[in-house]
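Proteins come first, then strands; the chains are lettered A, B, ... in the order of their sequence lines, and each starts at number 1.
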Number of protein chains: 2
Amino acid sequence: MTNKASAPPLGGKRRRKIGAPKVRLEEVAQEAGVSAATASRVLNNPSLVTKDLRDKVLKATSKLGYVADGAARALASRRSRVLGAVVPNLSNTIFSDMIEGFQQRLEPQGYTMLLATFNYDEAAECRSVRTMIERGVDGLVLVGVTHSKELELLLKSSGIPFVQTWAPARASGHPTIGYDNATAARLLVDHLVGLGHRDIGVVAGLTQHNDRVRARIAGLRAAMRRHRIPLPADRIVQTEYRIAKVREAFRVVQRKGELPTALIANNDIVALGLLLEAQAQGIRVPAQLSIVGVGDLEIVTHMKPPLTTVRSPKHTIGAMAADYLLARISGHDFAIPEELPLELVVRGSTAPPRMTRRKDTSA
Amino acid sequence: MTNKASAPPLGGKRRRKIGAPKVRLEEVAQEAGVSAATASRVLNNPSLVTKDLRDKVLKATSKLGYVADGAARALASRRSRVLGAVVPNLSNTIFSDMIEGFQQRLEPQGYTMLLATFNYDEAAECRSVRTMIERGVDGLVLVGVTHSKELELLLKSSGIPFVQTWAPARASGHPTIGYDNATAARLLVDHLVGLGHRDIGVVAGLTQHNDRVRARIAGLRAAMRRHRIPLPADRIVQTEYRIAKVREAFRVVQRKGELPTALIANNDIVALGLLLEAQAQGIRVPAQLSIVGVGDLEIVTHMKPPLTTVRSPKHTIGAMAADYLLARISGHDFAIPEELPLELVVRGSTAPPRMTRRKDTSA
DNA sequence: AGCCTCCTTGAAAGCGCTTTCTTTTTGGCG
DNA sequence: CGCCAAAAAGAAAGCGCTTTCAAGGAGGCT
């Protein structure tokens, strides 16, 4: 038994569905004995209409089962009540969390979300934004602060309100909501160095088209410099955010010489992969190797050992982006915090290094 | 430094952005020396226009940087080129994977996706669908085959094409794309029974508002019955899909008496939680306890032991839903397979039970 | 009492596009 | 060379709503 998509072709002639008589506002107005203008006002700005007529109109709408036509509305009012979100992907839970936060703020305001993913492909990102602009979104949330020239241009010429995310406000001339990756780096490095680590390795994400990774590496560099601890280039390895790839990256680190006493992962997915590979190899964490990440994903709490990490406000970033956009659209003020708070969560994956095996060169 | 959302209020008067002169099709037509009708045809149905004029119009559009107005388009043509997706959440990667699959098919066709999550709240689901219908989506993808009366009515009276997911086609009178949870259950039970297990426990999800969980439990029951193995009610425990909750559920199972020799988890998130709790308690998997799940999430391959699971076509479900909807909208045929294929992936978390500790009562 | 202002309501003009419906052009063929 | 059908282009009528704009009515104030 296979189900066919026969059904009336919508593309061809006029679309006219069975049992969908489509009530227009005009008819509602007639039913209520008022003009279309009044009916419209009841729906959009009730305070302009006396309670008397308001009730009549409301009664008529529900009686007739009126459903507004978004397109007509958008055309006449110049606002679509749709906000767009363009993110790299949804598999990385930091983005799906953020999107959930975003959407949850929109819903109560009667806004809906147009969503697109672009897999770190600049051209795809740009196409998505363009399509969204065509669809008439009232605002847009983007990830990161560096974009292709074309995208910049698109944004500027459309004049659409937009907000960037995952970077501190100062990172861009445009409104930006997020935390400072340098802060995250500092928290981690301070913790590790405080524990006595001097030989620290970094397993980063792919820096291409990802300014967050770049910022985090830069932050790491700065933090290490402050402690006068070297971070040679061969102590930094890049990887995709997939466990299998991360495990390979771990082996790459090993091939480069003796393992450092601590590994800083770009995020918790990476940290998880490192931990898993270490365990597979029988390397004891944290006794032989400390591992830290960023993000505080649900699962890392439950690993053995649980991961030390920096908790990041994934959900809040989305929610605040929504609040900002909504405020902006309605002409209200909204103060974007310079940076969102980050918190170091110390758990079992970090411990002082075994101070035995290596000359203690550094500073 | 705090960034303010000053900017011209869009809500108040006419929205007129600086540097956004907004080119209309009329102007493009003028530039190209043709009528607006012809320009429109070039954009929507190029074959109706001679190459000559077509080129002129195309040149004019790019010269003027024309961007179509989706609202006007939708109003005049009665199609929005937007498809809606309403899913429980995005934290469960089965849904984010599905959504990625969905969106990836849409993009090349010039369609965009309106997305809403409802957290297993029927009322919220219904509201989301209503809003999407107002926004004029051309089609809708839903999760599951049971909906509130109100939602059914909405769907019917709007006459919008829609497709349900995560159930086999036969599960509903409406088009449905997915696999059969009974099949998944059978694969798992057969495997476990084949290994020699007779005392099998189930850790399911919350059955409320989730027909997938109900179907899976029913499937489990049927499969066990076929093997003449009892599945008493106290061998079934429900849990939320959060690791901490799952671990609690594990303890609930323990409190109910001796642990079964195998535990069937509703999905891999649950299986993961069970594995983690077992390990925390020093219960050896699979020696003392076999654990299986459904979904084949990336991480479960990398656990120690790696999880035996049933691989489900998460991405395909989304992609096929998109294909179906797109076909339906353009009046083409699309054959929905009765059910999508499932594959048992046997890994290290299952083994024969230790046949020592219990009287072998059953059958 | 008279004038002016503010509050309600209705009439009607679009919003920017697609799509008939017509008109014009092209081309095939007797 | 002329006639007719078919193809290509244009004119214009909306799509369903919001929002001026104008009109009417109710008070408030001098």
Side-chain angles (χ1 to χ4, degrees), chain A residues 10-16 20-57 60-61 64 66-81 133-136 138 158, chain B residues 10-16 20-57 60-61 64 66-81 133-136 138 158:
Chain A
L10 314 177
K13 288 285 164 190
R14 275 250 174 284
R15 153 164 129 197
R16 187 84 317 208
K22 181 84 167 180
V23 183
R24 281 172 307 110
L25 188 55
E26 182 87 41
E27 302 167 35
V28 172
Q30 213 155 2
E31 170 79 23
V34 301
S35 70
T38 299
S40 169
R41 279 192 275 258
V42 170
L43 266 27
N44 296 301
N45 212 340
S47 67
L48 294 180
V49 180
T50 51
K51 181 158 185 349
D52 203 38
L53 294 188
R54 217 187 304 160
D55 291 344
K56 276 189 198 163
V57 171
T61 56
L64 267 43
Y66 171 74
V67 177
D69 180 317
R73 245 180 161 181
L75 183 57
S77 68
R78 281 102 188 290
R79 47 214 300 277
S80 60
R81 288 144 196 273
I133 292 175
E134 284 199 9
R135 296 291 176 276
D138 291 339
S158 74
Chain B
L10 313 177
K13 287 286 164 188
R14 275 249 174 286
R15 154 164 128 195
R16 188 84 318 209
K22 181 83 168 180
V23 183
R24 281 170 307 111
L25 188 55
E26 181 88 42
E27 301 167 34
V28 172
Q30 213 156 0
E31 170 78 25
V34 301
S35 70
T38 299
S40 169
R41 280 192 275 257
V42 170
L43 266 27
N44 296 303
N45 210 342
S47 67
L48 295 180
V49 180
T50 51
K51 182 158 183 344
D52 203 37
L53 293 189
R54 218 187 303 159
D55 291 344
K56 275 190 198 163
V57 171
T61 57
L64 267 43
Y66 172 72
V67 177
D69 180 316
R73 245 180 162 180
L75 183 56
S77 69
R78 284 101 187 291
R79 47 215 300 278
S80 60
R81 288 144 198 272
I133 292 175
E134 285 199 8
R135 297 293 175 275
D138 291 338
S158 75

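- Shown here are the side-chain hydrogen bond (donor to acceptor under 3.5 Å, both in side chains) partners of Thr50(A), two or more places apart in sequence or in another chain: there are none.
- Nearest to the side chain of Asp69(A), among dT18(D), dG14(D), dG16(D), sits dG16(D).
- One atom, CG of Leu75(B), and another, C1' of dG16(C), lie 9 Å apart when rounded to the nearest Å.
- One can place CD of Glu26(B) at 9 Å from P of dC17(C), the figure rounded to the nearest angstrom.
- Not one side-chain nitrogen or oxygen of Ser77(A) sits closer than 4.0 Å to the OP1 or OP2 atom of dT18(D).
- Among the nucleotides dC17(C), dG16(D), dT19(D), the one closest to any side-chain atom of Arg78(B) is dG16(D).
- A pairwise comparison of heavy atoms in Glu26(A) and Ala36(A) identifies OE1-CB, 4.4 Å as the closest pair.
- Here the shortest heavy-atom pairing between Glu134(A) and Val67(B) reads CG-CG1, 3.3 Å.
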Do any N or O atoms of the protein come closer than 3.5 Å to N or O atoms of nucleotides 4-11 of chain D, and which pairs are they?
| residue | atom | partner | partner atom | Å |
| --- | --- | --- | --- | --- |
| dA9(D) | OP1 | Thr50(B) | OG1 | 2.5 |
| dA9(D) | OP2 | Thr50(B) | N | 3.0 |
| dA9(D) | OP2 | Thr50(B) | OG1 | 3.4 |
| dG10(D) | OP2 | Ser35(B) | N | 2.9 |
| dG10(D) | OP2 | Ser35(B) | OG | 3.1 |
| dG10(D) | OP2 | Thr38(B) | OG1 | 2.7 |
| dG10(D) | N7 | Arg41(B) | NH2 | 2.7 |
| dG10(D) | O6 | Arg41(B) | NH1 | 3.4 |

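- In this structure, CD of Glu134(B) is placed 15 Å from P of dG16(D), rounded to the nearest angstrom.
- No donor-acceptor pair under 3.5 Å is formed between the side chain of Asn45(A) and the backbone N or O of Arg41(A).
- Computed from coordinates, the Arg24(A) CZ to dG16(D) C1' distance equals 7 Å when rounded to whole Å.
- The distance from atom CZ of Arg79(B) to atom C1' of dT19(C) is 14 Å, rounded to the nearest whole Å.
- When all heavy atoms are compared, the tightest approach of Arg73(B) to Ala68(B) is NH1-CB, 4.0 Å.
- When side chains are defined from C-beta on, Leu48(B) does not count as touching Val42(B), because their heavy atoms never get closer than 4.5 Å.
- When all heavy atoms of Val23(B) and Tyr66(B) are compared, the closest pair comes out as O-CD1, 3.3 Å.
- Looking at Leu64(B) and Glu31(B), their side chains come closer than 4.5 Å, going by heavy atoms from C-beta outward.
- Heavy atoms only, all atoms of each residue included: Gly136(A) and Ser80(A) are closest at O-OG, 2.6 Å.
- Taken over five-pair windows at either terminus, the axes of the helix from dA1(C)-dT30(D) to dG30(C)-dC1(D) are inclined to one another by 40° (rounded to 10 degrees).
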